[in-house]
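Notes to accompany the following structure.
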Amino acid sequence: MRYKHILTGVSVFLGISILINVVLLQVVWSANKQVNINTNRIKYLEDNIDTLVEDAMKVGGHVESILEDVNWTISDLVDEEEKTALLHIEFKLRSMDPSARVYASIESGDQEAVLMEAHLLNDTTYSVDREVNVLEPIRIDLMVEKYGEKRIENLVNEPELYKTYIADTSFNLLDFNSTYNGEREELNLSFSTELMISAKKDWELVRSEYILEKNGVVMERGDLSKSDTDIPDALVYEGGVGSLSVKATKLDQIRLAVVMKDKLGFTYRYDFAEFSHKDGEPVVTTTSMPELTLH
């Protein structure tokens with residue numbers, strides 16, 4: 001009997017010991033996990049301390065730019081079909097270490113950045129030349145590399161290079177009416193439009209017209225005519241139609257637009273009306289002042 005009590009006591013003791021060990025193991029595991037987390041945090045701070053300090057100083061305005069001056073110019077179109085031109089940049093550094101290397105990172109549109117070594121003009125002045133598509137936004141960053149460390153600053157950030165070449169234009173939809181005959185599947189339209197152009201020197205209009213597209217194919221077109229309206233430093237063109245009919249089934253999409261082209265080959269387009277069937281019903285949508293698309 002006494003032997004059983006001893007066994008029971010030992011069993012209870014062992015059970016308590018195991019429980020304590022499990023608890024201790026969990027505490028140790030949690031402590032090790034926290035130590036690892038803190039170690040990783042310290043390592044991250046050590047690895048990034050220079051960047052973090054530099055970023056903080058930039059926010060506080062304490063990091064002086066390495067650039068003293070930046071100038072850039074864009075040439076006439078090199079290829080009128082592709083809309084490319086030569087971008088020339090000159091920049092001067094405040095000081096320069098002969099052991100450092102100077103690059104320009106060039107991003108155009110959605111293309112990957114291209115890294116080019118800058119051309120040294122004198123002790124601290126460099127230049128970069130690059131043919132770019134003027135219809136695409138352009139960003140060029142300076143990168144100075146020395147002993148594996150890099151310093152980056154922006155040189156050019158220009159989303160609208162094309163404005164150097166085109167005229168300023170605005171479009172107004174003055175009047176619009178439409179009816180749809182479901183039995184004959186026929187769309188009847190009437191409209192009048194106005195196009196204002198603030199022309200630059202040597203800018204020349206080659207063509208201006210309205211077009212009606214059916215499923216992307218031009219079905220009707222008509223010229224816009226120069227208005228007698230006198231506005232200083234601007235040209236006004238008007239156009240429209242009193243009655244225009246087109247076959248339009250439930251599967252067809254009809255678009256109306258004003259399109260013009262200048263002597264450099266830039267095509268300006270304003271889409272101002274669209275017809276289609278939605279949920280089985282004919283729907284016409286119009287925009288009195290649509291956005292310009294450029295090609």
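What's counted below: heavy atoms across the whole structure, side chains too, no hydrogens, waters or symmetry copies.
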Please check if Leu161 and Ile140 belong to a single hydrophobic cluster, counting links between Ile, Leu, Val, Met, Phe, Trp and Tyr side chain heavy atoms closer than 4.5 Å. yes
Kindly state each residue pair satisfying salt bridge (Lys or Arg N to Asp or Glu O under 4.0 Å) with at least one member in [range], sequence neighbours excluded.
| range | answer |
| --- | --- |
| residues 67-93 | Glu68-Lys92 |
| residues 238-254 | Lys214-Asp252 |
| residues 179-190 | Arg184-Glu186 |
| residues 162-180 | Glu160-Lys163 |

By side-chain hydrogen bond (donor to acceptor under 3.5 Å, both in side chains), which residues pair with Asn181, not counting sequence neighbours?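 Not a single residue meets the side-chain hydrogen bond (donor to acceptor under 3.5 Å, both in side chains) criterion with Asn181.
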According to the interplanar angle, ranging from 0 to 90°, do the rings of Phe272 and Phe176 count as parallel (below 30°), tilted (30 to 60°) or perpendicular (above 60°)?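 The rings of Phe272 and Phe176 stand perpendicular, inter-plane angle above 60°.
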Residues which pass salt bridge (charged side-chain N to carboxylate O under 4.0 Å, His left out) with Asp262, listed by chain and number, not counting sequence neighbours: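 Scan of Asp262 (salt bridge (charged side-chain N to carboxylate O under 4.0 Å, His left out), adjacent residues dropped) gives none.
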Holding to salt bridge (charged side-chain N to carboxylate O under 4.0 Å, His left out), I want the full list of residues that pass it with Glu213, two or more places apart in sequence or in another chain.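 Listed in chain order: Arg269.
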Are the side chain of Glu220 and the backbone of Leu244 linked by a donor-acceptor contact shorter than 3.5 Å?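 Checked: no pair found.
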Counting only N and O atoms by type, is there a donor-acceptor contact under 3.5 Å from the side chain of Asp141 to the main-chain atoms of Ile152? no
Pairs touching [range] that satisfy ring-ring contact (aromatic ring centres under 6.0 Å, His included), sequence neighbours left out:
| range | value |
| --- | --- |
| residues 276-295 | Tyr180-His277, Phe275-His277 |
| residues 205-235 | Phe191-Tyr210 |
| residues 215-256 | none |
| residues 108-141 | Phe91-Tyr126 |

Rounded to the nearest 0.5 Å, what separates atom CG in Leu115 from atom CD in Glu145?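 If we round to the nearest 0.5 Å, Leu115:CG and Glu145:CD are 8.5 Å apart.
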Counting only heavy atoms not in Asn122 (residues, nucleotides, ligands), do more than 12 fall under 6.0 Å from its CG? yes
For residues 100-108, tabulate all N or O donor-acceptor pairs below 3.5 Å that involve a side-chain atom, not counting sequence neighbours.
from, atom 1, to, atom 2, distance (Å)
Arg101, NE, Tyr103, OH, 3.2
Arg101, NH2, Glu117, OE1, 3.1
Arg101, NH2, Glu117, OE2, 3.4

Consider side chain to side chain donor-acceptor pair (under 3.5 Å). Of Thr287, Asn172, Thr193, Thr169, which one does Tyr270 pass it with?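 Going through Thr287, Asn172, Thr193, Thr169 one by one, the side chain to side chain donor-acceptor pair (under 3.5 Å) with Tyr270 is satisfied by Thr169 alone.
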Does the side-chain contact (heavy atoms from CB on, under 4.5 Å) test come out yes or no for Thr267 and Leu294, once each step is laid out? CA-CA 6 Å; Thr267 300; Leu294 195 67; over 6 Å; no
For the pair Leu67 and Leu93, evaluate side-chain contact (heavy atoms from CB on, under 4.5 Å) and give the outcome as yes or no after the intermediate values. CA-CA 5 Å; Leu67 285 168; Leu93 303 180; 3.8 Å; yes
Among Thr84, Val134, Leu86, which one satisfies side chain to side chain contact (heavy atoms under 4.5 Å, CB included) with Leu77? Val134
How about Asn154 and Leu142: do any of their side-chain heavy atoms sit closer than 4.5 Å? no
